[in-house]
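The structure under discussion appears below in the form of structure tokens.
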There are 2 protein chains.
Amino acid sequence: MPDQADEEALSPATLVDDLAAKIRDLIMAGEIPIGGQLRQADLAATFGVSRTPVREAIRQLQSGGLIAVHPNRGAVVRVPAPWEVREAYEVRAELEALAARRAVSRITREQLDELEVSNREMYEHSAAQSAGEQAPTHRRANDAFHTLITEISGNARLGRTIEDLNGAFPRNVSSQLIVTDSRHRDENFAEHERIVAALRAGDADAAAEEMRVHVIKAGDALARWYEQRSSTVFSG
Amino acid sequence: MPDQADEEALSPATLVDDLAAKIRDLIMAGEIPIGGQLRQADLAATFGVSRTPVREAIRQLQSGGLIAVHPNRGAVVRVPAPWEVREAYEVRAELEALAARRAVSRITREQLDELEVSNREMYEHSAAQSAGEQAPTHRRANDAFHTLITEISGNARLGRTIEDLNGAFPRNVSSQLIVTDSRHRDENFAEHERIVAALRAGDADAAAEEMRVHVIKAGDALARWYEQRSSTVFSG
DNA sequence: CATGTACTCTTTGGATCCAATAGTTCGAAG
DNA sequence: CTTCGAACTATTGGATCCAAAGAGTACATG
């Protein structure tokens with residue numbers, strides 16, 4: 001609800017914003033690969049508009065840090081260095097820890113159950129489709145878990161900041177990680193459960209700390225992935 | 001240094017970025033007042049360019065949340081609600097606390113002295129020009145204090161996130177606050193000194209906590225200012 | 001055969017043009 | 001006198017046009 005109100009006040013959905021969102025989704029879904037070029041003419045043709053709004057959408061995306069614009073060379077999907085990922089996730093960990101801490105005193109029984117159910121569903125879902133290509137579904141479910149907690153925290157700016165942080169990297173890879181690697185999947189599930197337990201116990205410090213280590217671990221995994229793949233991304 | 005590298009990778013300075021920076025400065029300096037309209041034609045004429053790059057710059061600024069774009073009605077400098085300020089400063093407090101905590105183990109003697117000197121200079125400077133209109137100078141000095149600590153923290157993303165947070169509100173008012181109100185000025189000075197003391201003592205927890213309360217207090221003051229003025233801003 | 005230079009071609013960047021939209025003002029009718 | 005409506009105007013939004021810049025290639029020359 002605060003998100004909606006915020007969006008309302010910031011920018012009632014217009015065409016450029018829609019374009020920016022669509023392009024972002026394309027990148028997040030991996031349809032435009034890391035390091036891939038964003039040609040204005042192509043995008044314009046794809047969405048059936050002229051280049052002008054596309055350019056504005058690109059400028060909008062540029063601020064987020066998801067893409068890099070080289071003068072006269074066009075925009076590319078940024079390939080984050082592993083240390084950048086670690087840095088961002090350290091910040092995100094701090095913020096999500098704050099969200100968890102704030103959520104303790106506000107969360108309801110129903111919301112606690114909702115978290116537990118959604119976590120369980122996510123686990124069973126991804127276990128069933130192990131090595132399947134339905135990663136986006138899983139990502140959505142994983143995001144829902146974290147988003148719900150930040151929403152409960154009642155600080156809209158906090159949610160927005162975390163979103164911006166997440167929006168800085170293509171996240172299809174992070175979901176691939178969990179779906180592919182069964183150990184990661186199990187750990188992820190267990191960590192979520194510990195977070196819910198701390199929230200249920202009303203232990204703010206524990207909830208914050210559990211959340212912090214959980215996010216740091218996720219960041220580490222993602223950073224390692226980039227370390228491995230960073231050299232091969234360019235070749236194909 | 002990481003900032004420069006970041007900026008390099010993200011977007012080597014181009015004309016649109018310069019425009020965005022200039023417009024941002026205009027807003028931050030208060031030359032375009034809160035709630036003021038940003039007419040594309042005017043800005044274009046002011047900077048001697050066409051409307052096209054101005055539009056892109058506006059889109060870039062829009063992402064930061066400093067301005068709000070109403071479809072077909074143009075962009076205005078957002079008037080933040082007091083609760084938005086409080087929310088943002090709560091997030092900022094958490095992040096600056098993290099920065100202070102990280103800085104403890106990295107800061108050098110010279111940097112500690114530098115912080116102390118710059119704080120003292122800022123105090124004397126603003127005391128001398130009390131009620132004067134040289135607020136921007138003071139703001140710069142105050143920013144330098146915080147910026148130095150976040151730089152020392154060694155996490156570039158952390159610095160960028162804090163900057164984004166600060167960039168969401170016109171800050172000429174916050175500097176006016178300290179210059180005008182002598183009590184605020186004294187408290188600000190004392191808080192900075194306590195932070196430096198904690199850093200010097202190598203007490204990470206204390207440094208983080210001092211920083212947190214300092215930022216929260218600053219946010220409170222800013223929010224109160226907006227509460228008082230919010231009704232009169234529109235009339236002029 | 002290698003290397004340097006010039007040319008071409010692709011893509012971005014900025015300016016101008018026209019359409020669409022919302023606010024405002026003026027007028028007419030109740 | 002008030003209120004509703006319609007036209008006018010100021011401003012944004014999208015498309016098109018042309019210039020500029022960079023990369024790749026081909027050709028010529030040492």
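Every chain is numbered from 1, with letters handed out A, B, ... down the list of sequences. What you see below is based on every heavy atom in this structure, not just the backbone, and it leaves out hydrogens, waters and symmetry mates.
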Give a yes/no on whether any side-chain N or O of B:Q40 is located under 4.0 angstrom from OP1 or OP2 of D:dG13. yes
Any residue meeting side chain to side chain contact (heavy atoms under 4.5 Å, CB included) with A:T52, in chain and number order, not counting sequence neighbours: A:S50, A:E56, B:R55
Kindly give the atom pairs (protein nitrogen or oxygen, nucleotide nitrogen or oxygen) under 3.5 Å for nucleotides 23-25 of chain C.
none

Look at the side chain of A:E90 and the backbone N and O of A:E87, then say whether any donor-acceptor pair between them is shorter than 3.5 Å. no
Please, which pairs that meet side chain to side chain donor-acceptor pair (under 3.5 Å) have at least one residue in residues 19-31 of chain A, sequence neighbours excluded? none
Within this structure, what is the NE2-to-C1' distance between A:H70 and C:dG13, rounded to whole angstrom? 16 Å
Using a 4.0 Å heavy-atom cut-off to protein, can you give one letter per nucleotide of nucleotides 14-21 of chain C, 5' to 3': B if the base is in contact, S if only the sugar-phosphate is, - if neither? BBB----S
Holding to side chain to side chain donor-acceptor pair (under 3.5 Å), I want the full list of residues that pass it with A:N142, two or more places apart in sequence or in another chain. none
Counting the atoms with a prime plus P, OP1 and OP2 as sugar-phosphate, which does A:L38 contact under 4.0 Å by heavy atoms, base, sugar-phosphate, or nothing? sugar-phosphate
Determine whether a donor-acceptor pair (N or O, by modelled atom type, separation under 3.5 Å) exists between the side chain of B:E94 and the backbone of B:V91. no
With sequence neighbours excluded, what pairs up with A:A44 under the side chain to side chain contact (heavy atoms under 4.5 Å, CB included) test? A:R51, A:V54
So, does A:E96 use its side chain to make a donor-acceptor pair with the main chain of A:A93 at under 3.5 Å? no
Check the angle between the aromatic planes of A:F169 and A:Y226 and answer parallel, tilted or perpendicular using the 30° and 60° thresholds. tilted
